[in-house]
Amino acid sequence: MAKHTLAKNIDKHLNETITLKGWVYNIRKSGKIWFLIFRDGTEFIQCVILKNEVSPEVFKLKTTLTQESSITVTGVVQEAPSQKFGYEILVKNIEVIQIAEEYPISLKEHGIEFLLDNRHLWLRSKLPNAILKIRHEVSKASRKFFDERDFTLIDSPMFTPNASEGTTTLFKTKYFDQEAYLTQSGQLYSEAAIMGFNKTYCFGPIFRAEKSKTRRHLTEFWMIEPEMAFYDINDNMELAEEYVSYIIQQVLENRRKELEILKRDVTILEKIKPPFPRITYDEAVKILQKNGRNFKWGDDFGAPDETLITKEFDKPIFIHRWPAETKPFYMKRDKNDDKYVLGMDMIAPEGHGEIIGGSQREDDLDLLLERIKKENLSEKMYNWYIDLRRYGSVPHSGFGLGLERTIGWICGIKHIREAIPWPRTIVRLSP
RNA sequence: UCUGGAGUAGCUCAGCGGCAGAGCGGGUGGCUGUUAACCACUAGGUCGUGGGUUCAAAUCCCUCCUCCAGAGCCA
């Protein structure tokens with residue numbers, strides 16, 4: 001084990017001499033005293049350097065140290081006179097590891113293009129750091145939630161020969177002497193997996209070549225997709241609302257400080273507990289018409305429509321029972337009225353949009369074949385998927401949660417490109 | 001792809017026909033409790049690209065490029 005202390009743990013070492021390893025975040029100079037804001041990725045700490053407490057060489061570092069220079073600091077943990085920092089380090093010694101060249105990201109404002117071009121450096125700043133710690137918490141909580149409920153993690157492949165949804169939004173790539181597509185969803189594979197494991201989830205990146213240029217779109221994003229045998233659409237919605245509530249509560253419990261850094265209004269998050277309101281597609285259409293929007297039955301909701309509908313509620317809502325034409329072939333028809341399918345979307349409040357899409361799946365062999373024919377999909381390509389309806393078909397359901405949109409909502413950030421370490425959008429492939 | 005907006009110092013921006021500017025960052029000096037510290041001095045420019053109008057263009061007109069916001073599509 002390394003002998004140095006992590007900055008986040010200094011409260012356990014009050015009045016002790018400790019050694020920290022990290023980077024210079026900022027320096028404030030005075031005459032015979034100077035202040036160094038130190039960061040090591042776990043916390044920011046103020047270090048105080050007094051002329052009569054250190055060697056002349058160390059004191060002189062105030063003129064040579066630059067922002068982001070790497071250093072080893074040794075000193076005594078003490079309470080800071082001001083309330084802003086809590087604890088600070090009275091420095092005894094500083095060893096320079098490297099003097100950084102002029103660092104491009106200053107503590108003042110920057111434009112988004114510049115920051116994204118410098119994403120490799122921007123990760124060191126306070127806001128991205130807080131957001132990505134919350135991302136970690138959401139991933140951790142997701143794994144925990146499903147693991148504790150008898151789900152087995154069965155990952156789906158990234159290379160696929162077919163599309164789960166439309167074929168216009170796929171990234172195509174060469175695969176030796178064949179063509180392959182990058183996956184859009186692990187769902188079809190998960191449907192096979194649950195017949196062997198009962199309840200499964202997959203968690204990984206997926207790829208969509210949509211030419212969408214909005215604050216809710218990435219070309220590469222992460223999705224968590226649970227799939228459950230013997231679950232109907234209502235079981236599916238119950239699981240989804242429990243899951244979303246759980247990750248919110250875990251973030252509130254373990255990442256308060258990060259939410260504070262992001263100035264997130266946590267009273268909104270504290271209200272997120274089951275049950276969530278459930279409205280049918282038809283009821284959602286009525287809300288729109290009541291508010292004077294010109295909306296045609298059978299269309300899908302646009303972003304402004306979603307925002308308007310969710311305004312009536314202070315929690316995420318489910319919209320279920322969609323017109324069959326708007327939804328993909330694998331969704332099960334409503335047996336009360338086959339104009340509708342048993343699909344359900346969860347829309348986050350505050351304009352963050354759809355975070356979950358799911359459905360009860362079509363488990364009847366003949367109905368599935370009929371849908372595949374009607375949509376002109378290749379029966380041969382879906383042979384293995386159709387097989388699942390031949391050998392002990394059961395009612396089953398599942399959903400996919402978009403990780404970045406969920407994080408964007410929890411963090412209250414405008415654009416989801418900040419919710420992923422290395423965003424890939426229609427205009428960005430690097431760094 | 002469509003609609004709107006913007007490209008000027010390393011960064012954030014002002015200037016909108018007549019000498020290229022500020023703040024931050026960099027450099028030098030000052031200051032014993034600073035909080036994106038402060039004060040003084042200082043270096044730093046292909047005004048996105050190509051063309052046009054004009055005695056004179058960062059500024060007006062046109063072309064193209066890039067980015068931002070929104071729409072469509074979606075998680």
Side-chain angles (χ1 to χ4, degrees), chain A residues 25-37 44-53 59 62-64 66-68 78-86 88 90 100-118 121-122 125-126 164-166 168-169 184-187 205-225 240 299-307 326-328 345-348 351-358 399-409 414-417 419-420 425-428:
Chain A
Y25 186 70
N26 192 20
I27 287 173
R28 286 186 281 271
K29 290 173 239 186
S30 203
K32 296 191 179 77
I33 184 172
W34 56 284
F35 304 91
L36 183 159
I37 309 302
F44 294 79
I45 293 174
Q46 171 160 273
C47 301
V48 187
I49 299 92
L50 288 163
K51 188 162 194 174
N52 52 23
E53 293 277 345
F59 193 77
K62 73 169 176 174
T63 58
T64 50
T66 54
Q67 193 187 355
E68 290 303 316
Q78 59 181 28
E79 283 182 48
S82 82
Q83 293 172 347
K84 190 160 178 179
F85 289 99
E88 65 178 19
L90 178 63
E101 291 175 27
E102 192 183 327
Y103 190 64
I105 301 179
S106 73
L107 301 182
K108 294 273 179 179
E109 281 174 38
H110 295 283
I112 190 67
E113 191 187 4
F114 174 78
L115 289 171
L116 288 172
D117 283 344
N118 288 285
L121 304 175
W122 190 27
S125 300
K126 269 186 182 160
S164 78
E165 291 169 26
T168 53
T169 60
Q184 274 193 317
S185 160
Q187 182 203 315
I206 68 159
F207 310 88
R208 301 212 177 161
E210 285 155 9
K211 296 218 165 156
S212 320
K213 240 186 101 174
T214 83
R215 68 177 122 114
R216 294 175 304 279
H217 286 87
L218 298 166
T219 54
E220 177 183 312
F221 65 99
W222 283 60
M223 207 152 68
I224 301 163
E225 295 175 278
D299 284 350
D300 208 344
F301 303 117
D305 300 323
E306 283 177 353
T307 307
T326 62
K327 294 291 183 184
D345 286 358
M346 187 192 288
I347 320 288
H352 289 276
E354 185 184 339
I355 54 172
I356 280 180
F399 62 86
L401 173 131
L403 186 66
E404 288 76 15
R405 280 195 189 172
T406 305
I407 293 162
W409 167 47
K414 273 191 298 211
H415 200 303
I416 63 166
R417 64 192 159 205
I420 188 166
T425 66
I426 185 170
V427 293
R428 182 166 294 279

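All values below come from the heavy atoms of this structure, side chains included, with hydrogens, waters and symmetry mates left out. Sequence lines set the chain letters: A, B, ... in the order given, protein chains first and strands last, and positions in each chain run from 1.
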- Task: Verify the contact: side-chain N or O of A:Arg28 to OP1 or OP2 of B:rC38, cut-off strictly under 4.0 Å; return yes or no.
- Result: no

- For A:Gly353, which contact category applies under a 4.0 Å heavy-atom criterion: base, sugar-phosphate, or nothing? nothing

- For B:rU32, does OP1 or OP2 lie under 4.0 Å from any side-chain N or O of A:Lys32? yes

- Task: Using whole Å, report how far CD1 of A:Ile37 lies from C1' of B:rG33.
- Result: 12 Å

- Could you check whether A:Phe35 gets within reach of a base, just the sugar-phosphate, or nothing at all, counting any heavy atom under 4.0 Å? base

- Base-pair string, RNA chain B, Watson-Crick plus G-U, cut-off 3.5 Å on both distances, | for inter-strand, is (((((((..((((....[..)))).(((((.......))))).....(.(((..]....))).))))))))....

- Message: In whole Å, measure the gap between the P atoms of B:rC62 and B:rA69 for me.
- Response: 26 Å

- Annotated protein contacts, base or backbone, on nucleotides 65-73 of chain B with a non-hydrogen cut-off under 4.0 Å, one of B, S, - each: -SSBSSSBB

- What distance, rounded to whole Å, do you find between the two C1' atoms, one in B:rU32 and one in B:rC16? 49 Å

- Item | Pairwise C1' distance, B:rG50 and B:rA43 [rounded to whole Å] | 33 Å

- Could you check whether A:Asn118 gets within reach of a base, just the sugar-phosphate, or nothing at all, counting any heavy atom under 4.0 Å? nothing

- Query: A:Tyr103 on top of B:rG25's base, within under 5.5 Å and under 30°?
  - Reply: no

- Message: When the P atoms of B:rU59 and B:rA20 are compared, how many Å lie between them, rounded to an integer?
- Response: 13 Å

- Note on the structure: For A:Arg28 and A:Gln46, the nearest pair of non-hydrogen atoms, with its separation, is NH2-OE1, 3.4 Å

- If you measure from the P atom in B:rG18 to the same atom in B:rC61, how many Å do you get, rounded? 15 Å

- Item | Which nucleotide in B:rC31, B:rU32, B:rA75 has an atom nearest any side-chain atom of A:Lys29 | B:rC31

- Query: Where the side chain of A:Ser30 is defined as all heavy atoms beyond and including C-beta, which of B:rU12, B:rC31, B:rU34 is the nearest nucleotide?
  - Reply: B:rC31

- Residues passing the ring-ring contact (aromatic ring centres under 6.0 Å, His included) test with A:His110, sequence neighbours excluded, are A:Phe114

- Task: Please measure how far the C1' atom in B:rA14 lies from the corresponding atom in B:rC24, and state the result in whole Å.
- Result: 14 Å

- Query: Roughly how far apart, to the nearest Å, are B:rA6 and B:rA58 at atom C1'?
  - Reply: 14 Å

- What distance, rounded to whole Å, do you find between the two P atoms, one in B:rG25 and one in B:rA40? 14 Å

- Note on the structure: Taken to the nearest whole Å, CD/A:Gln67 to C1'/B:rG10 is 12 Å

- Note on the structure: Side-chain contact check for A:Glu88: nearest option of B:rG33, B:rC74, B:rU12 is B:rG33

- Message: Under 4.0 Å, heavy atoms only, any strand: does A:Leu403 hit a base, just the sugar-phosphate, or nothing?
- Response: nothing

- Query: How about A:Ile206 and A:Trp222: do any of their side-chain heavy atoms sit closer than 4.5 Å?
  - Reply: no

- Message: Closest approach to the side chain of A:Arg405, judged atom by atom: which nucleotide of B:rC11, B:rA75, B:rU32 is it?
- Response: B:rA75

- Query: With distance as the sole test, does A:Arg208 use its side chain to make a donor-acceptor pair with the main-chain N or O of A:Gln184 at under 3.5 Å?
  - Reply: yes

- Query: What does A:Glu354 touch in the nucleic acid at a heavy-atom separation under 4.0 angstrom: a base, only the sugar-phosphate, or nothing?
  - Reply: sugar-phosphate

- Could you pull out the closest heavy-atom pair between A:Ser185 and A:Gln187, with the gap in Å? OG-N, 3.0 Å

